[in-house]
There are 2 protein chains.
Amino acid sequence: MPSTELPQQTSARRIDRPVPLRERVYQAMQELIISRQLAPGQHLVESELAEMLGVSRQPIREALQLLNSEGWVDLRPGYGAFVHAPTDAEVDQLLAVRAVLEGESARLAALNADADGIARLRKLCAEGEAALASDDVDGMVAANAELHRCVTELSGNRVLLDFVSQVDRRVRWYYTPIARNRGARSWEEHGRLVDAIERGDAETAAQIMREHTERTRHSYLEQRAENPEPDEQPAQVRTRRRRAAPRV
Amino acid sequence: MPSTELPQQTSARRIDRPVPLRERVYQAMQELIISRQLAPGQHLVESELAEMLGVSRQPIREALQLLNSEGWVDLRPGYGAFVHAPTDAEVDQLLAVRAVLEGESARLAALNADADGIARLRKLCAEGEAALASDDVDGMVAANAELHRCVTELSGNRVLLDFVSQVDRRVRWYYTPIARNRGARSWEEHGRLVDAIERGDAETAAQIMREHTERTRHSYLEQRAENPEPDEQPAQVRTRRRRAAPRV
DNA sequence: ATACAGTATTCTGTATGCAGAAGTCGAGGT
DNA sequence: ACCTCGACTTCTGCATACAGAATACTGTAT
């Protein structure tokens, strides 16, 4: 098994305290899942992860708890942890939830945003369009995520922000590998969204955001239909653990 | 410290497997928090919990992870776990989120509910009204929770159900100790809600549910204003751990 | 060759042990 | 009386150890 580095303790926390291993493990594993190095359905053996990341099983277990509660892995008591394998229905439902939550975010943002907030939105829009113009896919994805996050922040509802962040990360995991090509249309919508927020037109903002997310949803499902997960036996749930290396 | 029983392993799981200690600890601690035996802001010392529940620290830690991710306790790395002390603003925001999510539940339920589902809703309405008539507060609270849950189930969106369940439990924790007296009005609203769902009138159902939750929110804030948490120093965040029993 | 039973091994769940950080108490100085 | 410094205690975070359950392998009988 390839040994993987834990993220270095980059940015200091509020107070200067060493980031616990369990959090770094959590981060690292989330990356591994998003990047598909840990494939959906795969059985995660604690001791292997421990060796791979150079820590003991305890922080691994604690990280798995967290990943489980956020829907990244499934914990089956007595059987172990498995990378969550979302069904199409689940992705669809998750996007529906996101549409509602982000619609509400936009509505509240329109009611609460100040000039400074609007400026931040404009800046992100500009960045996104620049990325689009120069065909910088990663830049677009990043600007897109930032914009959505910013809108939610401007809603002034911290609880909402927590929920949306959680949903967003999962959606991005499901979504990223396929549909990256609705660029131009998407940024035009974003522009209209910011306009509505600036006018304080809450209902229009909410509407635009909901429809925006709904379109994401439909384009996801279409692409998914044409293009089922390449290296995945559809609908096969792996229940067996694979055998470890045979003895000599 | 009083020793507390872990819940007996009552109902069998899908497969007949012993429920892990961590889950029973999770359940037990959630109960202790809801019942205020563990007070908001209180520092939760792992070893004390372990002794109290008759297990080692490991399952305690894992349960704390879960409780943290659902907002019941705050985990401050290096400092320990504290029972979450929600601010008024947070409760308000959480109720706002619930209004949106349950509004969507109602909308989808109106589109998807079958005759059987409607019957279940009617039954719960009847139970609630019966409880109201006989002044059975606990019965009313239970029927109310069941009704809301049932609506969300009928939405057919499982992801939504997960989110709503989570939000609901937290709301009930915040809310239960105070406002229990909007009975009659509340059940009348429920009746109209079920009517709308039965008609398949999605927008009206959503509207009623949103307004219903909004009223809950306002009544919460009113009561809270008149009646701040009795045995709690307002706005005082406990950062110090209390000293353990002095040695002999 | 297939089915079955028994054995070996892996893996999870839980407990225990240990080092270092955080907090507390008390003595001494101002 | 109040502040400061230092030793002591407690607590968290992590590692290791152990028991039991579940799985995979192997040999034998049919």
Side-chain angles (χ1 to χ4, degrees), chain A residues 1 6 9 12-28 42-68 73-83 237-248, chain B residues 1 6 9 12-28 42-68 73-83 237-248:
Chain A
M1 166 131 344
L6 284 182
Q9 181 179 333
R13 310 193 108 218
R14 274 154 292 184
I15 308 173
D16 197 20
R17 175 174 318 296
V19 177
L21 279 189
R22 62 159 182 266
E23 286 193 22
R24 292 198 279 163
V25 169
Y26 164 79
Q27 289 286 346
Q42 179 174 343
H43 179 206
L44 300 174
V45 178
E46 294 173 2
S47 51
E48 286 181 11
L49 294 171
E51 190 185 359
M52 189 169 149
L53 299 173
V55 300
S56 81
R57 278 178 54 213
Q58 169 110 6
I60 299 284
R61 283 181 69 84
E62 293 182 7
L64 285 175
Q65 298 289 330
L66 195 51
L67 290 165
N68 173 59
V73 311
D74 300 319
L75 240 41
R76 293 195 285 162
Y79 288 87
F82 298 78
V83 178
V237 180
R238 258 177 268 188
T239 62
R240 296 295 170 82
R241 18 181 116 158
R242 59 160 182 60
R243 179 64 172 161
R247 59 173 174 165
V248 213
Chain B
M1 165 125 352
L6 283 181
Q9 181 180 333
R13 309 191 111 220
R14 274 154 294 183
I15 307 173
D16 197 20
R17 173 173 320 293
V19 177
L21 279 189
R22 63 158 183 267
E23 286 194 21
R24 290 198 278 163
V25 170
Y26 164 79
Q27 289 287 345
Q42 179 174 343
H43 179 205
L44 299 174
V45 178
E46 294 174 2
S47 52
E48 287 181 10
L49 293 171
E51 190 185 0
M52 188 170 149
L53 298 173
V55 299
S56 80
R57 277 176 55 211
Q58 169 108 5
I60 299 284
R61 282 180 70 84
E62 295 183 6
L64 286 174
Q65 297 290 331
L66 195 50
L67 290 164
N68 173 59
V73 311
D74 300 319
L75 239 40
R76 292 196 284 164
Y79 287 88
F82 298 79
V83 178
V237 179
R238 260 177 265 189
T239 61
R240 297 293 169 86
R241 20 183 111 157
R242 59 159 183 59
R243 179 66 173 158
R247 58 175 175 162
V248 215

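The sequence lines fix the lettering, A, B, ..., with proteins before strands; numbering per chain opens at 1. Only this structure's heavy atoms are used, side chains among them; waters, hydrogens and symmetry mates stay out. Quick caveat, the model's predicted, so the values are computed rather than measured.
- Between A:His43 and C:dT12, a side-chain N or O to OP1/OP2 separation shorter than 4.0 Å is present.
- For A:Tyr79, counting side-chain heavy atoms from C-beta on, the closest listed nucleotide (D:dA22, D:dC14, C:dT14) is D:dA22.
- The CD-P distance, from B:Gln58 to D:dC11, rounds to 19 Å in whole Å.
- Every residue two or more places apart in sequence or in another chain that forms a side-chain hydrogen bond (donor to acceptor under 3.5 Å, both in side chains) with A:Gln58 is listed here: A:Glu62.
- Comparing atom distances between the B:Arg57 side chain and each of D:dT12, D:dA15, C:dT14 picks out D:dT12 as nearest.
- Across all non-hydrogen atoms, the minimal contact from A:Arg22 to A:Ala63 is O-CB, 3.7 Å.
- Looking at the side chain of A:Arg22, the nearest of the listed nucleotides C:dT14, D:dG13, C:dC11 is D:dG13.
- Atom CD of B:Glu51 and atom P of C:dA15 are 14 Å apart (whole Å).
- Both A:Ser56 and B:Leu44 lie near DNA chain D, and the one whose nearest nucleotide falls closer to the 5' end is B:Leu44.
- Separating the CD atom of B:Glu23 from the P atom of C:dT12 is a distance of 16 Å, rounded to the nearest angstrom.
- Nearest heavy-atom pair, A:Ile60 versus A:Ser56, reported as atom, atom and distance to 0.1 Å: CG1-O, 3.3 Å.
- Between the CG atom of B:Leu75 and the P atom of D:dC11 there is a distance of 16 Å, given to the nearest Å.
- Near-neighbour residues of DNA chain C inside residues 59-67 of chain A, defined by a heavy atom below 4.0 Å, number-ordered: A:Arg61.
- Between the CD atom of B:Gln65 and the CG atom of A:Leu64 there is a distance of 10.5 Å, given to the nearest 0.5 Å.
- Protein atom CZ of A:Phe82 is 12 Å distant from nucleotide atom C1' of D:dT23, rounded to whole Å.
- Remark: B:Asn68 engages no residue in a side-chain hydrogen bond (donor to acceptor under 3.5 Å, both in side chains) (not counting sequence neighbours).
- Atom CD of A:Glu46 and atom P of D:dA17 are 17 Å apart (whole Å).
- Considering every non-hydrogen atom in both A:Tyr79 and A:His43, the closest pair reads O-NE2, 3.5 Å.
- Summarising the geometry, atom CD belonging to A:Gln27 is positioned 9.5 Å from atom CG belonging to A:Leu67; distances are rounded to the nearest 0.5 Å.
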